[in-house]
Amino acid sequence: MVLLLKPLQKIALLVIDDEPHVPELMPEIFSDMPIEVVTASDAKTGIRMLVEHHPRVVILDLHLQDTSGMKVLEQIAERYPVVMHGVSL
């Protein structure tokens with residue numbers, strides 16, 4: 001019997017966060033997984049990366065310096081279904 005396995009396709013994960021350590025850390029966290037980490041440090045770049053890369057998952061800072069993360073979330077929701085999970089510290 002021969003079993004042929006397809007190689008895992010990479011999925012895109014978009015991280016939009018203006019804290020420099022968060023986008024830097026994400027590629028390391030997901031390095032052993034079939035995930036392409038795309039990062040943006042502001043809302044405008046984040047929306048551009050969203051259109052260019054069509055990520056399956058977006059990690060979004062709701063307190064961006066250049067605009068409200070909620071405004072970015074509204075733009076994401078115009079294109080994709082949204083499931084939110086919040087963490088409060």
Item to check | ILVMFWY network linking Val22 to Phe30, side-chain heavy atoms under 4.5 angstrom | outcome: yes
Next on the checklist: According to a hydrophobic-cluster definition based on side-chain heavy atoms being under 4.5 Å apart (Ile, Leu, Val, Met, Phe, Trp, Tyr only), do Leu60 and Leu14 belong together?
Outcome noted: yes
Item to check | Partner set under salt bridge (charged side-chain N to carboxylate O under 4.0 Å, His left out) for Glu19, not counting sequence neighbours | outcome: none
Checklist entry - Taking only residues two or more places apart in sequence or in another chain, which ones pass salt bridge (charged side-chain N to carboxylate O under 4.0 Å, His left out) with Arg79? => result none
Item to check | pair Ile59-Asp17: side-chain heavy atoms closer than 4.5 Å | outcome: no
Checklist entry - Which residue, Ile29, Leu13, Val57, forms the side-chain contact (heavy atoms from CB on, under 4.5 Å) with Ile35? => result Leu13
When the side chains of residues 43-55 are checked against the rest of the protein, which donor-acceptor pairs come out under 3.5 Å, sequence neighbours left out?
residue : atom : partner : partner atom : Å
Thr45   : OG1  : Asp42   : OD1          : 2.9
Thr45   : OG1  : Asp42   : OD2          : 3.2
Arg48   : NE   : Glu52   : OE2          : 3.4
His54   : ND1  : Tyr80   : OH           : 3.0
His54   : NE2  : Val51   : O            : 3.1

Next on the checklist: Return the CE to CD1 distance between Met70 and Ile76, rounded to the nearest 0.5 Å.
Outcome noted: 10.5 Å
Next on the checklist: Nearest 0.5 angstrom please: Asp61 CG to Ser41 OG, how far?
Outcome noted: 11.0 Å
Closest heavy-atom pair and its distance - [X], [Y]:
X: Val58; Y: Ile16; answer: CG1-CD1, 4.2 Å
X: Glu24; Y: Pro27; answer: O-CD, 3.5 Å
X: Met26; Y: Val15; answer: CG-CG2, 3.5 Å

